[in-house]
Structures are given as structure tokens and as C-alpha cells.
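To keep things clear, I will list the structure first and then write my remarks on it.
In what follows, chains are A, B, ... by sequence order, proteins preceding strands, each numbered from 1.
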There are 2 protein chains.
Amino acid sequence: MTTSKKTPSPEQTPLEEAYPTTVTGLVLEERLGYALRRAQLKVFKHFDEAMREHDIRPAQFSSLVVIEGYPGVTQSNLAQTLSIDPPRVVSLINGLEERGLALRVRCKRDRRSHGIFLTKTGEALVERLKGLAEQSDLEATQSLSEIERRQLLTLLRKVYASEEGGD
Amino acid sequence: MTTSKKTPSPEQTPLEEAYPTTVTGLVLEERLGYALRRAQLKVFKHFDEAMREHDIRPAQFSSLVVIEGYPGVTQSNLAQTLSIDPPRVVSLINGLEERGLALRVRCKRDRRSHGIFLTKTGEALVERLKGLAEQSDLEATQSLSEIERRQLLTLLRKVYASEEGGD
DNA sequence: AAAAAATAGTTACCTATTATAACTATGTCT
DNA sequence: AGACATAGTTATAATAGGTAACTATTTTTT
């Protein structure tokens, strides 16, 4: 830490010309986390648009699909499966229940837990949503070939499947 | 749409046995958005841990790296480059400035805009952070080979680089 | 040159997401 | 019975992020 410290030289005019709006050749482009976030934002944006009509958000969609796959799943199961916290599940299921898409059924054997089921409406909706989500994914990744899309999915799964701790 | 379909049959005991905590063979596993989110959460978790020591968050890191690459970048440039909103940039730069990592320099030619520069401290820090981020990415993707990691990065860039609208 | 429009940054505010802690009800173990 | 564990809930807070409106400048128009 030397005494002289005129790093940027505040005298100079800072921005002589416009900077490129698309940053290329930058260290940031090499960061996996950055690429993941950007790609995720894009895919989610498409998803939001696709779901807007039904006012369904990502977490609700995930919940619906899991409940469909495992009718009677408990809230703690759901929390664990989706890696979200129990309080989050409560409001999630509240929302679905209020809209008549799912319902809690108190478990007879362990009256602490609730099994969650889709209503008929919920089942119909989730079928529709799955199609929309599929389509949304395709649109968001138009720049990929089918093989590349498959590859990407495989690689992503490989990343998050190896949960070594915490999550 | 037949009339009889007693969907969940609320009489039954909902959860007879435990559900698998890792959901396999589920529709969700085929969703790109879901895989992206899960992978991103994992990578970001590692990033957070790596940066905890320096109390730097993802957006701050990105900003520092861009400022390093483009000294004198304006706030609007930064907003556009990182696809964030101008007000977000304000608080971001405020934080960096308060910590003595960056500073605003009013542009002489256009006194509305500020060029942003790293201080000497900021330059030293960003060098250190880049190493930590690199290491963090590697740790978060231990399950990938170097080739796969490269592939993943390429695919992700291909996804988010084709910004057809909005972002 | 004066008025109008545009731009960079800022401030205030509002919403959604997510995490934490504490509480109730029920079940299990000794 | 008593201690402990578990499922769900409530309340609360931290945070990200986004919109709208304001100030200070610059550019454009007349």
C-alpha cells in the first residue's frame, strides 16, 4: 500500500467512445456461473411468458409435476425433492389449494403429515402445462440442435446430481 | 372427460411409504429450466462460499470484472452489459465505492455520465477474486471432465447469446 | 437563442423470493 | 409418563429486482 495511488487518473475523460453492448473476450464469458445465470434467465423468461396465461410460476409448475408423479407426496417429501424449505412448501400448496388445483389429505397413519393430491382440475392443468413448458424450452433454445439440447440437459444433470453436501 | 374419476380418493392413506428423495424418471428431469436452475443454485452456492471471505456477491463480482476490462465504463454501459436495470447499478457501484474498490469519475465531455474505475485496492481484489471464482467453478463441477465443462460453457453461451428480444 | 425532447443517473417505493426462528400438534422411544 | 423427534405452520426479516418519477445535463428543433 504505497502512498501514491493515482490509479484511474480522474483527470481523464472516462468514456471516450461507446463500449460494446455485448461483451466478448472478457473473463466473465469464461465463468460458468455467469453463463448459467444468463442462460437460466433467458429460459425462465420464456417460461414465464408461456405460463402467463395460466398464472403459474416455476415453483408451482415443479410442485404440480411432482405431485402428479407421486400422488400423496407429503410436504416434507416435496421440500426435499425440490430442495426448498418447508415454509415455502406451505405457501406453495396454499396457493394450489386455493385455486382448486391440489388438496391436502391428512394422513391416517401419521396425522402430522398431509398427503398432497391433484384435483381433477389440477390434473388437467398439469397436462396442458407440460406441453407448454416443453414448447417454451424449445423456443428458448432455438439456437441449439436437438443433439445439443440433449447434451446440455445431460451435462446440467451431471452437475446438480452430484450433491456432495448441503443442498 | 368422463364423469367418474374420483381423482385422489381422500379416504385413502396418502403416504404409505417414503418417497425417494432423489426424483428420477420424472418429467421434471426433462425440463431444461429446472436443470438450469438446479445447476445454477449449486454453482452459486460454491461461489458464495468462495467469496464469503471477501463478502462479494455475484453481481459485485461481475461488475468488478467488467470495470477491470473496460476502465471508465459508464453506469448505463454496465447496466446494458450485465442486463440489469440502472437503479440496480447505482446501489451496486455505491457499495463498491464505499468499500474503496471503485470510484465514479464525472465525464468531462458529457457531465451527465460517470466513468467507473477500479481503485488500486479494487484491482488487487479482482485479481484475487478471479482466481477464487475459477477454483469455485471447478469444485462445483467436479463431476465433469475438462472437455465436458468446456462443452457446457459453449452450450450455455449459445443459449444466452442468441438474444432475440427483450433481454 | 429559447423551447422541447432525450439521456444519465438518482431516489423512492413496491413486490416477489427465500431464509430463519419460534410455535403447535402429533408421534416415538425409553 | 416424560423426553425427544417430526410435520406442518406462522411470523418475521433479508434480499433481489423492478417501476415510476425526479434532477441535471445535453441535444434537437424551431
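The listed nucleotides are C:dT26, D:dG8, D:dA16; the one nearest the side chain of A:Arg111 is C:dT26. Distances from the side chain of B:Pro87 to the nucleotides D:dT15, C:dA12, C:dA8 place C:dA12 closest. Closest approach to the B:Thr74 side chain among D:dG8, C:dG9, D:dT10 is made by C:dG9 (side chain taken as heavy atoms from C-beta onward). Checking C:dG27, C:dT10, D:dT10 against every side-chain atom of B:Val90, the shortest atom distance belongs to C:dT10. The side chain of A:Asp110 approaches C:dG27 more closely than any other nucleotide in the set C:dG27, D:dG8, C:dT18.
Taking atom CZ of A:Arg88 as the reference point, atom P of D:dG8 lies 16 Å away to the nearest angstrom. Atom-to-atom, CG of B:Leu92 to P of C:dT10 comes out at 12 Å; the value is rounded to the nearest Å. Atom C1' of nucleotide C:dA16 and atom CD1 of A:Ile84 are separated by 15 Å, given to the nearest angstrom. B:Asp48 has its CG atom 12 Å from the P atom of D:dT15, to the nearest Å. Look at NZ on B:Lys45: it is 15 Å from C1' on C:dA19, rounded to the nearest Å. The CG atom of A:Leu41 sits 8 Å away from the P atom of D:dG17 (whole-angstrom rounding). Rounded to an integer number of Å, the gap from CG of B:Leu96 to P of C:dG9 is 15 Å. Atom C1' of nucleotide C:dT10 and atom CD1 of B:Ile93 are separated by 13 Å, given to the nearest angstrom.
Regarding contacts with the backbone of C:dT10, a side-chain N or O of B:Arg104 is found under 4.0 angstrom from either OP1 or OP2. B:Ser76 has a side-chain polar atom (N or O) that falls below the 4.0 Å cut-off from OP1 or OP2 of C:dG9. Side-chain nitrogen and oxygen atoms of A:Arg106 include none within less than 4.0 Å of the OP1 or OP2 phosphate oxygen of D:dA7.
Residues A:Ala35 and B:Leu156 share a closest heavy-atom pair of CB-CB, 3.9 Å.
For C:dT7, the base has a donor-acceptor partner in the side chain of B:Arg112 [N/O atoms by modelled type, under 3.5 angstrom].
Salt bridge status for A:Glu123 with A:Lys120: absent, with no side-chain N to carboxylate O gap under 4.0 Å. Look at A:Glu30 and B:Arg150 and you find a salt bridge, because one of the NZ, NE, NH1 or NH2 atoms lies within 4.0 Å of a carboxylate O, short of that distance.
Two residues, B:Pro86 and A:Ala59, neighbour DNA chain C, and the one matched to the more 5' nucleotide by heavy-atom proximity is B:Pro86.
Of the possible polar contacts, one joining the B:Asn77 side chain to the B:Thr74 backbone as a donor-acceptor pair under 3.5 Å is found.
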(request) Verify ring pair (Phe, Tyr, Trp, His ring centres under 6.0 Å) between A:Tyr34 and B:Phe61, making sure each step is shown before the conclusion. (result) CA-CA 10 Å; A:Tyr34 182 76; B:Phe61 174 77; 9.2 Å; no
